[in-house]
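Below: the structure, in structure tokens.
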Amino acid sequence: MDSLVLRTAIRYLLPLLLLFSVFALLRGHNEPGGGFVGGLVASSAFALYTLAFDVQRARQLLPVTPRRLIGLGLLVAVFSGLISVLAGDPFMTARWDNRPLPVVGKLGTPLLFDVGVYLTVVGVVLTIIFALAEEE
Amino acid sequence: MTIAVLSGFGVALTAPWLQGRLPRRAGWLLILLPLALTAWFAAQLPRVAEGTTLAESVSWIPSLGIDLAFYLDGLSLTFALLISGIGAVVLLYASAYLADDPLLGRFYLYLLVFMASMLGTVLADNLITLFVFWELTSISSYLLIGFKHSYGTSRAAALQALLVTGGGGLAMLAGLVLLGQVAGTSNLSSLAASGERVRASDLYPAILGLVLVGAFAKSAQFPFHFWLPNAMEAPTPVSAYLHSATMVKAGVYLLARLSPALGGTVEWQGLVIGVGAATMVLGAYLAWQQVDLKRILAYSTISALGILVLLLGVGGALATKAALTVLVAHSLYKGALFLVAGALDHETGTRDVTQLGGLRRAMPITGAVALLAGASMAGLPPLFGFVAKEVFYKATYEAPDLPALLTALAVLSSVLTVVAAGLVALKPFFGVRAHTPRHPHEAPLRMWLGPLFLAGLSVLLGVWPALVAEYSVKPATEAVLAGPAKVELVLWPGVNPVLALSLLTLALGAGVYVFRHALLAWARRLDVGKRLGPERGYGRALDGLLRLADWQTDLLQNGYLRFYLITIVAVTVVLVGYTALAEADLSGALRAPEMRVYEGAIAVVILAATYAVTRAHSRLAAVAALGTVGYSVALLYILFGAPDLAMTQFAVETLTVFLFVLVIYRLPRFATLTSRMERWRDAVIALSAGALMTLLVLIVTADPSRAHVASFFAENSVTLAKGRNIVNVILVDFRGLDTLGEITVLAVAAAGVFALLKLRPAQARAPEARAERARTAELQAVPTAEAGADPGSGD
Amino acid sequence: MTLLLLLPLLIPFLTAVTALLAWHNRLLQRRINVVGAALHLAAALGLLVWVSREGIQAVQIGNWPAPFGITLVADLFSAIMVVMTGLMGLTVAIYSLGSIDARRESFGYYALLHTLLMGVSGAFLTGDIFNLYVWFEVMLITSFVLMALGGSQEQLEGALKYVTINLLSSALFLASVGILYSVTGTLNMADLARQIQAGDTVAPGLATVLGMMFLVAFGIKAGLFPLFFWLPASYHTPPIAITALFSGLLTKVGVYALVRIFTLIFVHDIAYTHTLLLIIAGLTMVTGVLGAVAQMEVRRLLSFHIISQIGYLLMGLGLYTALSLAGMIFFMAHVIIAKSALFLVSGVIRRQAGSYHLKEVGGLYRANPALAALFFVPAMALAGLPPLSGFWAKLALVRAGLETEDYAIVAVSLAVSLLTLFSMTKIWAEAFWKDHPQPEHPFARLAPQTRRPLLLPVVSLAALTVILGVAAEPFFALATDAAAQLLDPSAYIQAVLGGGA
Amino acid sequence: MNVSDLALYGILPALMLAILLTVARLLRGPSLPDRVVALDLLTTLGIGVIATYAIATGQAAFLDVAIATALISFLGTVAFAYYIERTV
Amino acid sequence: MNTLLLNTLLALSWIALTGTFTPANLLFGFVLGYGLLAFTQRLLPPSRYFTMVPRVIAFVLLFLAELIQANLRVAFSVLSPRLDLRPAVVAIPLSVRSDPAITLLANLITLTPGTLYLDVSEDRQVMYVHTIHVHDLEQFRQGIKNGFERRVKELLE
Amino acid sequence: MTDVITAALMIVGAFFMVMAGLGVLRMPDLFLRMSASSKASTLGSGALLLAVAVHFGSVGVTTRAVATIVFLLLTTPIAAHMLGRAGYFVGVKLVETTVIDELAGQYDLRSHRLRSKQPATAPPESDQPQV
Amino acid sequence: MEVVLAVIIGALYAAGLYMMMRRSLAKVVIGLSLLSYAANLLIFTVNGVMRGRPPLVPEGAVRPVEPFADPLPQALILTAIVIGFGVQAFALVLFKRAYQAAGTDDLDQIRSTELPKKSRKAGQAQG
Ligand code: NA
Ligand code: NA
């Protein structure tokens, strides 16, 4: 559907949505948000892009395939849990860096885990949406 | 002994291989095993005759109290000798009889497995071990009966034998387990000591009934007898071995073995004598009416088994002695006669007695064997059959209860047995030479050597019965009676009422034989076997079973998803609802609602939108209403302090609506497909399920209790987990494993959607694409199982 | 060592992710698949050895003390089930090499296979009731996809019912967990057990109601009467390797869950709950076996038998004695092995004789004697013929039933075993003994590169049913120990909650 | 009456009234775009409810939900419009 | 837009100096910075920034006024028992051409009551607008062209 | 002072929200409903979000509130445009009192392209609906 | 409020189940959605609803202000929502494909995997 208005607006909306998605991800440990919601917002940005243009354009916009993103996300998530195993603690024992950062709070493996969630969710939603849109 | 039993299995497994390597000599090699076993068991005769018993026990499954325990006394030794001796004869015979059969190797396998199992059955000292071997005889019998597997009749007969004996076996299993529990021991050899306790137990009737069902089914007692004639579909060596000499006597063995524990009661006598007598008469009555040699022999076997059972029912030293004598005699003559029948079949191409006659010149040795064995069967002196019949008559004549009736029945059945013997032993060899499908010659050496040996034994033992009395019947009788017994056997007991009965029997038998055609016409009109025969019951039961199965399956697994869901929901409502009403405290459930205006408004919205979903006439309208419900639920989450939840719900709801829209508009428009009645029914079921859930919520919320793990999270979220959003901290830290599983679910769902949309069955594609795919499949480096095959039908 | 508890989850997870990332490299995926499955089995065996030596083991994920975090816990029963999972995984992984078409392979088949193993292992190892829900979902969604993968009409229609009914079950499961948490304030199963036995936080009546909800939820997954409809509707539709895997694992997870909650948590009113279990067990056996008797299609026939055998497992649970539980565990191992072997054999039957339908096949007794043996052994094991594995399982259950004087269920179980024998001989008679209906039927020779992957698993499984039967003692002793742990959950509670519990 | 009470007992009921009116349109249709318009309005009303509730409870955290809703709900409406147009 | 950046930096510096991070203070810092920038840079070549900002502000104010006023009108008409409507879909010839301009114009038209942007023709010659109440079509067209379109053109083209 | 502003903003917001709801319910056709709802709701939610900003008075909240307002200003009209367009394609009827529909027949239903049309030189005399 | 919520939950369950019992595929999938709302709301309700007290720790504090909503059920529901989303997405596409393959969305016509065998004669199982 070629709506001039939508296509124009999406140029501004896309960075805005992605910005908010990262914001939601990073802040999730302290305020409402987190990897899942962040991932959904990010993927809805790409979904909008898909609707405004088409799947090919949306795929080009994304540097990796959604499937890779899923794999990467899962690996990041499990890796965040394995760090503690290497140190002899049970799986998923949190490790923290105690210097606080603005917005994010402290850096730690749970945050890394949430990043994995974020990536997976983006990959999943985009896989589904792209496949469905290509059906049409 | 353990080796004796297990070696059979070991050798059996090599048989097909051996037959493949040495097609000519395998039979001769394999026979060495039964010969060796026979020799070994024969070597035990003197010691056992002196009253020593051998016991061996290897621990097998101690946690179930099962040992691989074997026990050799007079009874088991008698059986063991029959099994291994006749086994050798049959194996030799079969090597010629089935010489051209490509499956001979497998035949050896089954036969040796059977032999080993049978040995195991009679030697086992543990109730469960006995059962193990017992069942193995059933299954090897199944494979042997169905040996001519291309024929439907063979397969049906094999199945019938398996179901009848296997079914009996299962009843017996329950009986044996109960017996072990009541007696406090699983050892057969020590069971006799617990006889008092067993017979006094409340469970005694059940144990007795269950064990008898197993024994009767195996030993082809009325009303289970019908499987045996049908089992004649088996190759003749099998009939000779399993279905006359050994396996069918397993039930008899069991009765004998358990009589110290179970026997002697009114129930025992009533059941065992009654069934035995009925079987004896029925078998004999049906035997002489048959035209197929093997069926004549089969029915007469049934009759003989009836005699054995009857005698064990009567009990006591005399009857037991008689039983064991008949047992040995029958095994010898019946085995020989079956083999003769096989030879006739093999040489002439028919087993129909009406088509056989005058073969004595063509097949002199076979004829001689038939004559000897037939004479033993008819009870002519000086054959062992005569000795056996004498003690049999004596036992009925002197039976403690109903001697007259028993004796009369015994005579009746013996008369008919004489006729049957005539049909088998005289008719084919004497009289007019009949035209047969094949031109007859004398059977090869391997096919007459064995039968001749058996017939010879009938003569030898008839002349010298003390031999068998001392080494076999006496120790066996003592084993059965669990005490000493005075056992003698003589060929000529002197003139007495019993001898008179024997003569009468022979005379009547000869008469009936001569006038058999006239009598046959009369008997056929009566048609007892078919009309009253339980075989009809079997057929009906099988038919009924199949019909029941079909009916049930079509009823339950009918393909209607609605029906499945309705059933599941109804079951849930009934099960949970009943339990809630019966067991739970409902007092707090009824209370007045308390709410704020805006909450009420959301409730109204949800209810209205939910109703709208169910009533929507268009798909997308339903989706819009569904979205409303979702958004309103998210609002509820906000109002009750769950911002993360609300955020997620909003986001997911929107994406879900998006997906719905993407997908659902491709589905056809909503249509009302069900009748008003069905809709009402469904509504009632759905509403009752809803009401149940409402009730549960009310019950649970009536007593608000503070969750105890929540305070831990509140306490430690900031200090230990360094996060202020406790929900998120739970998700990524306290319960991060849940989230790991959750994203796995998402990943798989995505893979699934992708595959569903992109991987279509091949037929949906254009032919060129298919050809292209086939080409690429050929080029694949990886070996492909079904390159180019349609995944829809792949295996 | 605590890593051993985690490896049965991590190995399949990493295998699956690697396979996902190697999307376009089928050869690599096939290799990873076998290696991953072998490692999984090895880890499972290691776990079993560890647990049988050292007793029940628990690890607190995230190092949060129970009952606050999620606990992974392995008692003998769990460890045995994980070993069975590994065994199924490896056999099916190998069988798939020879039977799964290239197109399925390039659409994530191996990744899915290992994800399923992960979900199932997770369900067996978790000590947390909500985490159990999560693993159930991992397993379910994977099975949904595997069921539909390929997209034939049959598969889609079967999957449709499978999915719908299982989602109903999941919703009920979820609701039950929610209520359970609201009345106890904990999700840790050991903690739940402690509380419900103490009876102070939860009214026993309410606990029973919850037990019923779980019974229905798990009963659907386990395929109990009258909740099993999804199974015969769908199990025969995917490729046989998948069917075999499902048959070996899916319903068993349902049974596992039933066993876990009805030995650990809801044992406060056995007279009510476990009697009900027995009644359902009997009905499940009978309806399942009658369904099988009515079938002429091998996969459908075997599918109905799954239901019937679930009835036996439930009987073991319902009788609730040391012997019956040991019998149930032994039965579980037996039926997983034997049933999967039969499914895998039926795949070879189809390949050689051209169909799964008994009317359309035959002649294999002569054409492929080895296959005949490979069918006959597990078939007779399934029918409970001694001395194969099924017999000891049946014997233990029968004996336990007679000991507790539950004669009706014993009678039913024996009758059903006769009918099982009947339907096994039906396959035997039709597919093997009977001549092939087309006299000229060419019995396709298995290509050398498919023969090994097809036959190796079948031979191994058939051999296992024999070993499990003839050398039953070590296995039965293990089952007895496992049953003892189930019957007296104090060690479990102690291992999870620590000394203070 | 403080701001919080005003929000709870004045503003929220008013917003709920708006929601009810909107839902009435949603259920009545008649055309699909009509329903979608109502649904879209509903999300905006929801944002208003969230904002008001944040004031009523003094919890600024609720505002994050409002943002996320605003960002995402747009997708839903666009998707509806997109596919309504494609049904022709 | 570098000037905007500079202005923002000035506002943030103000905050840092005063140590109170409130919206009001930020706004004050921004206004102050704007004044300072306008003052300090008046000798440099004229920057669009200083002509733009007042325009934007004027534009926003106009928009807000329109928004509220027209919203009230709609409220009035919605509340009146009889809906007195003369709706129309009107084609308006366009003189703005750029995508952002058309988009901004479209949004403005929709957000001001009484009018609703529907679509723009492919050749960007004509914009179709729905209006609730029209008396004179030509007057309506001119109203849009002279109002929002002119200002959008000034702002963006 | 902030409370008064907050209260005022909330009341204004709520008022327009109710107007939006009323409008969407009462207006006789799709375009009129959109017309009524899109602006009233934007104004209403804008006022409420501003109320939040004023009430909490922190930069974080204000930023987020303003960002939300901006986003709504940006997206609500686009949504209306998309829906209106879709309405045209599925043939949603305009109310009978509609004076003129210059868009009628301009869409190419196949290619979904919109033609331009020179405006009529004179306003129509009749009140006949043109759809 | 629990009473009202309980009624809502019941209604959602009833409507969801009712929809699942329809013959139309599309209705079944909508029913599944309703069912998951119901389950989530049930967990939420039975664990004690508390107005406007999210389980968030204020900045600078170490624990949330009492009383606060139990965070655990919220986390559980969140997980359930996400899982439900994935499953729902798959189910939706599956239903669409099943519809395409079967050529109908009438479930009474979608029975090819288990049609009753009317043609089968009894008793021919063996032989
Ligand atoms: Na979680
Ligand atoms: Na299964």
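In what follows, chains carry the letters A, B, and so on, assigned in the order in which the sequence lines appear, proteins first and then strands, with residues in each chain numbered from 1. Since this is a predicted model, take the numbers as computed values, not measurements.
In this structure, CG in B:L170 is found 8.0 Å from CG in C:L421, a value given to the nearest 0.5 Å. Between the CG atom in C:L385 and the CD1 atom in B:I139 there is a gap of 4.5 Å [rounded to 0.5 Å]. To the nearest 0.5 Å, the span separating CZ on B:R735 from CD1 on C:I61 amounts to 11.5 Å. Rounded to the nearest 0.5 Å, atoms CG (B:L740) and CG (C:L9) are 8.5 Å apart. Taken to the nearest 0.5 Å, the CD1 atom of B:I730 stands 10.5 Å off from the CD1 atom of C:I70. A distance of 7.0 Å separates OG1 of C:T126 from CG of B:L737, quoted to the nearest 0.5 Å.
Distance alone, capped at 3.5 Å, places no donor-acceptor pair between the B:E742 side chain and the C:V134 backbone. Between the C:R103 side chain and the B:R760 main chain, a donor and an acceptor come within less than 3.5 Å of each other. C:R366 places no side-chain N or O within donor-acceptor distance of the main-chain N or O of B:P102, the cut-off being under 3.5 Å.
Between C:W392 and B:W60, the ring planes lie perpendicular to each other; the angle is over 60°, past the 30° to 60° tilted range. Between B:F713 and C:F68, the angle of the ring planes goes over 60°, which puts this pair in the perpendicular group of the 30/60° scheme.
Comparing B:T129, B:L103, B:I699 by how many heavy-atom pairs each has under 4.5 Å with chain C, the most go to B:L103. Ranked by heavy-atom pairs shorter than 4.5 Å toward chain C, the options B:W134, B:F133, B:F734, B:F563 are led by B:F734. Highest contact tally toward chain C, considering only B:A584, B:A751, B:S63, B:S154, is held by B:S63 [criterion: heavy-atom pairs under 4.5 Å].
When heavy atoms are compared at a cutoff of 4.5 Å, B:L173 approaches chain C solely by way of its side chain, counted from C-beta outward. Heavy atoms closer than 4.5 Å to chain C are found in the side chain of B:A158, but not in its backbone. Contact of B:L756 with chain C is made through the side chain alone, with heavy-atom distances under 4.5 Å. For a residue to count as touching a neighbouring chain, one of its non-hydrogen atoms must lie under 4.5 Å from one of that chain's; by this rule B:D733 touches chain C with backbone and side chain alike. Contacts between B:L746 and chain C at a heavy-atom distance below 4.5 Å are absent for every atom of the residue. There is no contact between B:L68 and chain C, counting heavy-atom distances below 4.5 Å. Of the atoms belonging to C:L227, heavy atoms from both backbone and side chain fall under 4.5 Å from chain B. With a 4.5 angstrom heavy-atom cutoff, B:V571 touches chain C only via side-chain atoms.
Summarising the geometry of C:V138 relative to B:G741, their closest heavy-atom pair is CG2-O, 3.4 Å, with the distance given to 0.1 Å.
The only option from C:L116, C:L20, C:T142 that meets the side chain to side chain contact (heavy atoms under 4.5 Å, CB included) definition with B:V748 turns out to be C:T142.
In this structure, a donor-acceptor pair under 3.5 Å is present between the side chains of B:T579 and C:Y272.
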